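Heads up: the structure comes next, in structure tokens.
Residue numbers run from 1 in the order of the sequence given. This one's a predicted model, so the numbers in the text were calculated from it and none came from an experiment. Both backbone and side-chain heavy atoms feed into the values below; hydrogens, waters and symmetry mates do not.
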Amino acid sequence: MIRNTIYLIATSITWLLLACQDITIGYLESDAAKYTIDTLHIVANAKSELQRLKVIEIDFYSATSTLQDKIAGLEEELDELQDKLDGSDEYWDAYDELGGTDIEEQFWNDEISFEEYTRLIDQINKELDDKFGITALKESLNEAKTTLENLATEMGIGSLEILKKQIAEYQQKIDYKLPWTSAKIEGVQGTQPLLFTVIGIKSTNTSEAEKFMNHVGVLGDRTIYVELDVNVIPGNYTVSLQIENEGRTKILNDMFTFVVDAPIQETLTEE
């Protein structure tokens, strides 16, 4: 009897151990997986694009040098006038005559609200700007800047600030061989470690998709990367991913698209 009981217990333990081996530990959920921004425009040759942007910058300065000199002169004139007025008795006498000092005292004595104080002081400052020529200078400066911005738009660069930022970004990418990268994927949860792998590229040109596959991967922070220079023709390349952890695998089809833009030929407008 005792022998049978021991046998039964041993058999039960063995069965339980075998059953436990069939249970996969952990979890992997990807139904909500997404990239908030799921498209990125890139270029096949970063050095060529950087050179193109630098040429645009040089041509832009050349085409608008007179206008930019005018803007610089107006800014200097405005600064000098404002500095002069800050130390001028005539300016501050006019400020007092318009009630500026009285308004300040009312505010500090809690007789008027901050909103009312701001409104009244802004009104006085506008009258002073009109009287001492600041308004006219600001209007001329704004008009010149608007003209410059319009020229930049006509030249296809948006603004000079945007162009400079693009040049700096391309220069940094080239200097440090930085890849193109997507945002981080969202909506994926699971037992660590999670392994992300690119398993497919979709494009209208199958052979180009295969070539693109050699330049793409996933970084440790779950962003998809494309090497800086990709030897493929312009077009859309859509990436599919596989996620794995212990005992589980999920396939995420068509998650992110890299658009390889065609080279642009710029035609600048003369000043």
Side-chain angles (χ1 to χ4, degrees), residues 34-65 67-68 71-72 148-186 195-241 254-271:
K34 67 175 182 177
Y35 289 91
T36 303
I37 299 175
D38 61 5
T39 303
L40 178 66
H41 286 258
I42 67 175
V43 297
N45 190 314
K47 289 183 179 179
S48 295
E49 180 65 8
L50 176 62
Q51 183 60 33
R52 183 185 75 86
L53 294 174
K54 285 184 175 180
V55 169
I56 293 174
E57 182 182 34
I58 292 171
D59 289 345
F60 179 76
Y61 274 115
S62 176
T64 62
S65 59
L67 182 58
Q68 292 194 65
I71 290 173
L148 186 64
E149 290 174 0
N150 291 339
L151 286 172
T153 301
E154 291 173 11
M155 294 177 184
I157 65 175
S159 72
L160 186 57
E161 289 72 21
I162 292 175
L163 178 62
K164 289 181 176 179
K165 181 180 179 181
Q166 289 176 328
I167 290 174
E169 289 175 348
Y170 272 101
Q171 190 67 63
Q172 185 181 52
K173 277 186 173 295
I174 292 168
D175 289 345
Y176 298 101
K177 295 181 173 58
L178 301 178
W180 308 97
T181 56
S182 72
K184 294 181 181 180
I185 194 169
E186 299 177 2
L195 176 62
F196 287 75
T197 308
V198 175
I199 59 169
I201 303 295
K202 182 184 292 184
S203 179
T204 55
N205 189 313
T206 304
S207 62
E208 290 299 306
E210 292 175 355
K211 290 166 61 177
F212 192 87
M213 186 75 173
N214 296 324
H215 299 280
V216 65
V218 183
L219 298 172
D221 63 354
R222 306 179 185 180
T223 58
I224 304 173
Y225 76 86
V226 175
E227 294 173 354
L228 185 58
D229 292 318
V230 286
N231 185 26
V232 295
I233 64 174
N236 294 0
Y237 297 84
T238 303
V239 180
S240 293
L241 299 173
D254 305 336
M255 289 300 294
F256 195 91
T257 298
F258 291 92
V259 181
V260 179
D261 291 326
I264 300 173
Q265 299 296 326
E266 297 288 347
T267 302
L268 296 179
T269 303
E270 294 295 331
E271 183 183 22

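Annotation: the span from Asp175 atom CG to Gln172 atom CD amounts to 8.0 Å, rounded to 0.5 Å. To the nearest 0.5 angstrom, Ser48 atom OG is 10.5 Å from Tyr170 atom OH.
At least one donor-acceptor pair closer than 3.5 Å links the side chain of Lys173 to the backbone N or O of Pro179. Judged purely by atom type and a 3.5 angstrom limit, Thr153 uses its side chain to pair as donor or acceptor with the backbone of Glu149.
Across all non-hydrogen atoms, the minimal contact from Leu178 to Leu228 is O-CD1, 3.4 Å. Annotation for Val230 and Val43: closest pair CG2-O, 4.3 Å, computed over non-hydrogen atoms. The shortest non-hydrogen separation linking Thr257 to Thr238 is OG1-OG1, 2.9 Å. Considering every non-hydrogen atom in both Pro234 and Asp261, the closest pair reads CB-C, 4.1 Å. The minimum heavy-atom distance linking Met213 with Ile199 is given by the pair CE-C, 3.8 Å. Across Tyr35 and Arg222, no two heavy atoms sit closer than the pair OH-O, 3.6 Å.
The shortest distance between side-chain heavy atoms of Leu50 and Ile167 falls below 4.5 Å. Between Phe196 and Ile224, every side-chain heavy-atom pair lies at or beyond the 4.5 Å cut-off. Between Gln51 and Lys47 the shortest side-chain heavy-atom distance does not fall below 4.5 Å. Met255 is not listed as a side-chain neighbour of Val239, based on a closest heavy-atom distance of 4.5 Å or more. Put simply, the side chain of Ile185 does not reach to within 4.5 Å of the side chain of Phe256, judged on heavy atoms.
In terms of the side chain to side chain contact (heavy atoms under 4.5 Å, CB included) criterion, residue partners of Ser159 (sequence neighbours excluded) are, by chain and number, Glu161, Ile162. Applying the side chain to side chain contact (heavy atoms under 4.5 Å, CB included) test to Leu195 and every residue at least two apart in sequence or in another chain returns Thr197, Glu244. With sequence neighbours excluded, the residues forming a side-chain hydrogen bond (donor to acceptor under 3.5 Å, both in side chains) with Thr36 are Glu186, listed by chain and number. By the side chain to side chain contact (heavy atoms under 4.5 Å, CB included) test, Lys164 is found to be paired with Glu57, Tyr61, Leu160, residues two or more places apart in sequence or in another chain being considered. Glu208 meets the side chain to side chain contact (heavy atoms under 4.5 Å, CB included) test with Asn205, Lys211, Val232, Ile233, Tyr237; sequence neighbours excluded. When the side-chain hydrogen bond (donor to acceptor under 3.5 Å, both in side chains) test is applied to Asp254, the partners found at least two apart in sequence or on another chain are Lys202. Under the side-chain hydrogen bond (donor to acceptor under 3.5 Å, both in side chains) criterion, Glu49 pairs with Arg52, not counting sequence neighbours. Every residue two or more places apart in sequence or in another chain that forms a side-chain hydrogen bond (donor to acceptor under 3.5 Å, both in side chains) with Lys54 is listed here: Gln171.
Applying the side-chain hydrogen bond (donor to acceptor under 3.5 Å, both in side chains) definition to pairs two or more places apart or across chains, those involving residues 225-236 are His215-Glu227.
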TODO: Could you walk me through whether Thr223 and Ser182 pass side-chain hydrogen bond (donor to acceptor under 3.5 Å, both in side chains), step by step?
DONE: CA-CA 5 Å; Thr223 58; Ser182 72; 5.2 Å; no
